[in-house]
Protein chains: 2
Amino acid sequence: MATMSDIARRAGVALSTVSYTLSGKRPISEEARQKVYQAMEELGYQPNFLARALVTKRTKIIALLYPSYTLSSGQQEFVTSIAEMATTHGYALLLWTSPSENLEVMNMTHQGFIDGVILMEVALHDARVDLLREQNLPFTLIGRCENNEGLSFVDLDFDNAVETTIDYLRASGHTHIGLINQSEAMLKREVGYVVRARTAFYRAIQHHGLSGVDSCCDESEQAGYETVMRLFEQDPELSAFVLLTPWPSGGVLRAISDKGLRVPEDTSLVAIFSPRMAEMTTPALSSIEFPFNEMGRLGAQMLIQKLEGKEEEKAAQILLKPPLTVRRSSGPRA
Amino acid sequence: MATMSDIARRAGVALSTVSYTLSGKRPISEEARQKVYQAMEELGYQPNFLARALVTKRTKIIALLYPSYTLSSGQQEFVTSIAEMATTHGYALLLWTSPSENLEVMNMTHQGFIDGVILMEVALHDARVDLLREQNLPFTLIGRCENNEGLSFVDLDFDNAVETTIDYLRASGHTHIGLINQSEAMLKREVGYVVRARTAFYRAIQHHGLSGVDSCCDESEQAGYETVMRLFEQDPELSAFVLLTPWPSGGVLRAISDKGLRVPEDTSLVAIFSPRMAEMTTPALSSIEFPFNEMGRLGAQMLIQKLEGKEEEKAAQILLKPPLTVRRSSGPRA
DNA sequence: ATTCTTCGTCGAAGCGCTTCGCTAAAGTCT
DNA sequence: AGACTTTAGCGAAGCGCTTCGACGAAGAAT
């Protein structure tokens with residue numbers, strides 16, 4: 001690999017001249033510029049970003065920090081839109097796992113490699129936030145904590161989403177509603193939207209004088225089946241379900257069908273996840289249009305602005321309220 | 001941020017002594033070791049990986065290189081398993097996009113930042129392979145080219161998968177079969193499995209004296225619907241479809257249903273993609289069990305072995321032949 | 001007692017780049 | 001013509017680390 005000093009020698013100029021021709025931070029004569037470019041061409045020069053980063057303290061890498069080894073269903077969909085936004089702005093995306101039980105790792109790893117961080121699966125009380133603050137690393141959240149003072153985040157307004165859903169179901173004549181939430185593990189970790197969805201669910205139920213039950217559900221077809229069966233045992237009069245995780249959907253439908261019920265005539269289903277997922281089932285699921293792409297893009301954009309712009313802008317806090325799209329899985333109670 | 005020289009000063013030892021205590025590459029007295037650790041503690045020292053990498057020429061970062069901005073359906077599922085394997089071995093994963101029409105980007109970006117590369121959506125003739133070779137960057141493929149001499153790859157044996165599928169359908173009495181392939185764009189780019197699936201399809205059709213039609217299909221419900229309708233126009237006697245992309249599945253089922261046909265009584269469906277996706281539809285799709293996790297893990301492992309081990313092991317070439325799982329979407333022709 | 005080995009430590013070079021301060025040469029102004 | 005600015009380019013310092021060679025002080029061997 002040719003280095004700058006190779007170029008300098010070959011072009012017959014000083015090392016710094018080469019650097020300045022590349023960066024354009026000082027005027028360079030046309031003549032020198034030509035010689036430098038030619039030398040670069042001949043030697044197949046490629047700048048070493050590591051060396052540059054060591055000096056400039058900027059790597060143009062941002063990290064996507066998620067707590068477990070495997071991303072939970074929804075979170076995966078953020079990745080590409082974040083990566084796209086990052087790439088567009090000349091940043092690369094580093095996937096960074098920190099098992100939430102061992103934050104030590106976060107300390108040691110990648111010091112200096114990362115310009116900023118996007119936090120996923122944010123918990124109500126998230127130790128990572130404190131750590132990041134302490135380390136003085138710029139970061140934004142996709143999701144939010146309980147106390148969000150001074151934090152930049154983009155999140156879906158789950159309270160609103162659940163309320164909208166319950167309103168809609170109530171208006172369709174449903175009085176006994178089940179909530180099928182994310183996994184037990186995520187609830188235990190107090191991941192923001194999981195807790196919020198649950199709370200909002202019971203608040204809305206109570207507010208309208210309805211009757212509701214909820215359950216966590218793992219990310220598999222079978223779990224969906226079992227969860228529905230269990231909920232029906234708790235309340236045989238259930239006529240509607242709200243789904244927060246896509247993978248169990250098939251099992252949910254199977255269980256309802258096994259119960260001798262039809263969707264949407266007897267039982268209504270409303271999903272709060274990616275529309276692409278909602279359209280895979282038969283019948284297609286009515287759903288709150290979870291704007292993964294927009295959220296990912298916004299999160300990345302907010303971070304990049306922090307990195308590029310003047311440090312002290314106010315923390316941007318964005319709460320999206322996507323509409324409900326009615327598909328084939330819901331309707332008036334027969 | 002405290003640096004090594006801060007530690008050295010505080011501990012009253014030489015800079016190099018600090019370095020050696022950390023790396024253990026030379027013996028250090030217990031006494032010195034203690035002083036160093038204490039100083040590190042007091043100053044909250046964290047090593048700067050950038051500086052280290054500049055010297056050692058290793059960043060412990062591997063890149064996942066994909067050709068477009070957005071990952072196509074299947075590819076997404078590799079990401080987490082690769083990330084997991086990488087993390088386990090102390091590597092981080094960088095998401096790296098190179099629009100296939102502009103490989104220049106690959107040259108300039110991230111020189112020095114990347115120890116090795118995993119290539120996704122490999123085309124039969126893939127310019128990126130040449131480039132990577134030229135740059136002397138270690139890499140492995142998930143997928144494969146036409147000529148794979150000297151390449152390390154892990155791929156699903158699509159020829160075998162398609163043959164197995166056609167065999168099964170034929171044995172079930174189906175004689176007119178449709179193939180619903182990935183998008184036109186991917187076929188045009190000659191992405192390996194897209195081309196191979198198509199070729200293998202017609203080879204198997206011909207071999208058994210069946211009749212077959214194929215079509216590309218974009219990644220949406222609507223596209224699935226339209227594709228099926230189009231294929232039925234080409235051959236009204238179709239009684240089975242092979243699916244290579246999950247998102248259109250809902251639309252495929254809807255179209256079949258609109259035609260007044262039932263699955264599986266009238267029409268059989270077999271998928272070649274992730275079982276999780278196959279279980280979302282109703283009825284759940286029979287499918288070749290695409291081993292995303294295993295492939296991702298193997299791909300990452302192969303690369304890491306290259307990076308860690310002796311340079312010159314033979315290129316590992318792994319071709320997986322997963323079995324067909326029959327679910328509810330297929331059966332004997334009525 | 002003298003030489004030969006280890007052992008623990010130190011200083012300095014160097015990875016490939018950016019950037020600062022300086023200096024000639026050339027251009028501008030009275 | 002002299003003083004003053006501007007322009008283009010040079011050399012050197014330094015980013016934070018690894019690693020090499022050297023060197024006293026012990027301990028082992030003769």
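Only this structure's heavy atoms are used, side chains among them; waters, hydrogens and symmetry mates stay out. Per chain, numbering begins at 1; letters A, B, ... match sequence-line order. If you're wondering where the values come from, they're calculated on a predicted model, not measured in any experiment.
Between the CG atom of Asn48(A) and the C1' atom of dC15(C) there is a distance of 8 Å, rounded to whole Å. The distance between atom CG of Leu22(A) and atom P of dT18(C), rounded to the nearest whole Å, is 7 Å. Straight-line distance from the CD1 atom of Ile7(A) to the C1' atom of dG16(C): 12 Å, rounded to whole Å. If you measure from atom CE of Met4(B) to atom C1' of dC10(C), you get 15 Å, rounded to the nearest angstrom. The CE atom of Met40(B) sits 11 Å away from the P atom of dC17(D) (whole-angstrom rounding). The separation between Glu31(A) atom CD and dA26(C) atom P is 12 Å, rounded to whole Å. Rounded to a whole Å, the CZ atom of Arg52(A) is 18 Å from the P atom of dG16(D). Taking atom CZ of Arg26(B) as the reference point, atom P of dC23(D) lies 14 Å away to the nearest angstrom.
Without hydrogens or angle criteria, Gln317(B) side chain to Asn148(B) main chain gives a donor-acceptor distance under 3.5 Å. In this structure a side-chain-to-backbone donor-acceptor pair under 3.5 Å is missing from Arg26(A) to Tyr20(A). Thr140(A) places a side-chain N or O within 3.5 Å of a backbone atom of Gly299(A) that can act as its donor or acceptor partner.
Among the atoms of the strands shown, only primed sugar atoms or phosphate atoms (P, OP1, OP2) are found under 4.0 Å from some heavy atom of Ala32(B). Within the 4.0 angstrom heavy-atom criterion, base atoms lie near Ser16(B). Within 4.0 Å (heavy atoms only), Ile28(B) reaches sugar-phosphate atoms of the nucleic acid but no base atom.
Among the nucleotides dG16(D), dG9(D), dC15(D), the one closest to any side-chain atom of Ala51(B) is dG16(D).
Taking a cutoff of 4.0 Å between a charged side-chain nitrogen and a carboxylate oxygen, Glu294(A) and Arg297(A) do not qualify as a salt bridge.
Phosphate contact (OP1/OP2 of dC10(D), side-chain N/O of Thr17(A), threshold under 4.0 Å): present. Not one side-chain nitrogen or oxygen of Tyr20(A) sits closer than 4.0 Å to the OP1 or OP2 atom of dC20(C). For the pair Lys57(A) and dT18(C), the criterion of a side-chain N or O lying under 4.0 Å from OP1 or OP2 is not met. One finds a side-chain N or O of Ser29(A) lying less than 4.0 angstrom from the OP1 or OP2 phosphate oxygen of dG9(D). Taking only side-chain nitrogens and oxygens, Lys25(A) comes nearer than 4.0 Å to OP1 or OP2 of dT19(C).
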Intermediate values then yes/no, side-chain contact (heavy atoms from CB on, under 4.5 Å), Arg10(A) and Leu43(A): CA-CA 9 Å; Arg10(A) 177 139 195 154; Leu43(A) 271 56; 3.2 Å; yes
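Mapped onto DNA chain C by nearest heavy atom, Val13(B) and Ser19(A) fall at different nucleotides, with Val13(B) at the one closer to the 5' end.
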